[in-house]
Protein chains: 2
Amino acid sequence: MRPLFHPAIEDIQPQAILHALSDPRRAVIFARIRSAGCVEACSALSAMGDQIIPKSSLSSHFKVLREAGLIHCERHGVEMRNRSRCAEVESRFPGLLAAIMSAYASSIDASACGTGE
Amino acid sequence: MRPLFHPAIEDIQPQAILHALSDPRRAVIFARIRSAGCVEACSALSAMGDQIIPKSSLSSHFKVLREAGLIHCERHGVEMRNRSRCAEVESRFPGLLAAIMSAYASSIDASACGTGE
DNA sequence: TTGTTTAGTTCCGAAGTTCAGAACTATGGA
DNA sequence: TCCATAGTTCTGAACTTCGGAACTAAACAA
């Protein structure tokens, strides 16, 4: 297994962040890591509502988030320790993550009102 | 030619906005429409730095921006009148567009310093 | 009216991306 | 050493994007 690549803060591109978070499942994964501060394992995030994300898909979602500079991943024995890089991203692109995550939160609220989900 | 589809403001999804703006060329197109208030023709935006975007690609970029709810397009004779829907999007997702566009602006500044573009 | 020009859309094949199952790697514990 | 657990990589199928060619629609001149 090749070592995990994490971009330097100055190499983080807005398009990579937007692309990473334009997938609602990745946005949910990131929101959980962000709010938890530190989420122990990737597999802890495989349950997405009533469906399960396959391991291989989950792994590639984490790779996209990692290479976009949104999360930092570190091996701890057999499992992965994931933490968000919010503070770094915030210092480089002020307000970006907060605006994106609150947009998602408000659209979930709106759809919950309408459809009863 | 089928009539142009524009989503209602309450049907605009954050993932569609992020996807639309995760392409730097679309982000540039949108930035120009946004700052101009109203850009007369699609073809006015085909020059992207030193390269020209083909008509068919340009047309599909406009379609993505339109269907994401970011712009409003209207036929005026032979050409298209495009205007941004910033105010509507701002009222639904406060701060989102400003944060995204300023992230792009700051990353262009940063790369201009490094590479001399 | 008819032909020409201009502006944009649609079609379609090639190239690239994403998804998820199967096989694999790496670590920890019995 | 063997097994279980947690993730990664490989692979092919499904989907998306790109751009050239052909098309549509409006404006205008003859």
Side-chain angles (χ1 to χ4, degrees), chain A residues 1-6 13 15-30 32-33 36 38-68 70-83, chain B residues 1-6 13 15-30 32-33 38-68 71-83:
Chain A
M1 284 181 197
R2 60 192 70 152
L4 301 172
F5 170 73
H6 293 92
Q13 298 291 312
Q15 60 262 44
I17 293 177
L18 299 185
H19 172 248
L21 296 178
S22 70
D23 182 313
R25 293 187 294 180
R26 279 197 292 264
V28 168
I29 291 171
F30 179 67
R32 291 200 204 158
I33 293 175
C38 180
V39 167
E40 55 280 23
C42 296
S43 55
L45 293 157
S46 68
M48 192 63 48
D50 45 1
Q51 68 179 334
I52 299 288
I53 304 181
K55 276 190 345 168
S56 60
S57 306
L58 204 59
S59 178
S60 66
H61 287 321
F62 273 90
K63 188 182 180 199
V64 171
L65 290 169
R66 186 161 28 83
E67 296 189 347
L70 289 167
I71 60 174
H72 184 96
C73 314
E74 212 170 317
R75 279 198 168 284
H76 265 247
V78 74
E79 69 185 23
M80 213 67 144
R81 214 51 69 85
N82 301 289
R83 62 176 173 76
Chain B
M1 284 182 197
R2 61 193 67 152
L4 302 173
F5 169 74
H6 293 92
Q13 299 291 311
Q15 60 261 44
I17 293 178
L18 299 186
H19 171 247
L21 295 178
S22 70
D23 182 313
R25 293 189 295 180
R26 281 197 292 265
V28 168
I29 292 171
F30 178 67
R32 291 201 203 158
I33 293 174
C38 180
V39 167
E40 56 280 21
C42 295
S43 56
L45 294 157
S46 67
M48 192 63 50
D50 45 1
Q51 68 180 332
I52 299 288
I53 303 181
K55 277 186 352 163
S56 61
S57 304
L58 203 59
S59 179
S60 66
H61 286 322
F62 273 89
K63 188 181 179 200
V64 171
L65 290 169
R66 184 160 32 80
E67 297 189 347
I71 61 173
H72 185 97
C73 313
E74 212 169 318
R75 280 200 167 283
H76 265 248
V78 75
E79 68 184 25
M80 214 67 146
R81 215 49 71 83
N82 301 289
R83 62 176 173 75

Practice item. Find which nucleotide of DNA chain D each of B:Val64 and A:Ser60 is nearest to by heavy atoms, and output the residue with the more 5' nucleotide. Key: A:Ser60

Exercise for review: Choose from D:dT8, C:dT9, D:dG19 the nucleotide whose nearest atom is closest to any side-chain atom of A:Leu4.
Suggested key: D:dT8

Practice item. Evaluate the side-chain proximity of B:Ile29 to B:Met48: yes if any heavy-atom separation is below 4.5 Å, no if none is. Key: yes

Check your understanding: Expressed in angstrom and rounded to an integer, what is the separation of A:Phe62 atom CZ from D:dA6 atom C1'?
Key -> 12 Å

Review point. Do B:Ser59 and C:dG8 share a donor-acceptor pair, side chain to base, under 3.5 Å?
Key: no

Review point. OP1, OP2 of D:dC18 versus side-chain N and O of B:Ser57: anything below 4.0 Å?
Key: no

**Study point:** Interatomic distance, A:Asp23 CG vs C:dT18 C1' [rounded to whole Å]
**Key:** 10 Å

Review point. Rounded to the nearest Å, what distance is computed from the NZ atom of residue B:Lys55 to the P atom of nucleotide C:dT6?
Key: 11 Å

Exercise for review: Return yes if some donor-acceptor pair links the side-chain N/O of A:Ser22 with the main-chain N/O of A:His19 below 3.5 Å, else return no.
Suggested key: yes

**Study point:** Nearest-nucleotide pick for B:Pro54, side chain only, options being C:dC19, D:dG20, C:dT9
**Key:** D:dG20

Point to revise | Rounded interatomic separation in angstrom, taking CZ from B:Arg81 and P from C:dA7 | key: 13 Å

Exercise for review: Starting at atom NE2 of A:His61, determine the distance to atom C1' of C:dA20, rounded to an integer number of angstrom.
Suggested key: 10 Å

Check your understanding: Can you find a heavy atom in the side chain of A:Ile33 that is under 4.5 Å from one in the side chain of A:Leu45?
Key -> yes

Check your understanding: Within a strict 4.5 Å, meaning less than it, do heavy atoms of the B:Asp23 and A:Leu18 side chains meet?
Key -> no

Check your understanding: Rounded to the nearest Å, what distance is computed from the CD1 atom of residue B:Ile52 to the P atom of nucleotide C:dG8?
Key -> 14 Å

Practice item. Could you please name the option among C:dT27, C:dA7, D:dG19 that lies closest to any side-chain atom of B:Ser56? Key: D:dG19

Practice item. For D:dA6, take OP1 and OP2 only and decide whether either is under 4.0 Å from a side-chain N or O of A:Arg75. Key: no

Review point. Do the side chains of B:Cys73 and B:His6 get nearer than 4.5 Å, heavy atoms only?
Key: yes

Revision key, fill the gap. Quick note, B:Ser43 side chain, CB onward, closest among C:dG8, D:dA6, D:dC18 is C:dG8

Review point. Starting at the 5' end of DNA chain C and moving along, which residue's nearest nucleotide shows up first, A:His76 or A:Ile53?
Key: A:Ile53

Review point. Starting at NZ of B:Lys63 and ending at C1' of D:dG19, how long is that distance when rounded to a whole Å?
Key: 16 Å

Practice item. Verify the contact: side-chain N or O of A:His19 to OP1 or OP2 of C:dT18, cut-off strictly under 4.0 Å; return yes or no. Key: yes

Point to revise | Of A:Arg26 and A:Gly77, the one whose closest DNA chain C nucleotide lies more 5' | key: A:Arg26

Point to revise | Whole angstrom value for the distance that separates P of C:dG8 from CD of B:Glu74 | key: 14 Å

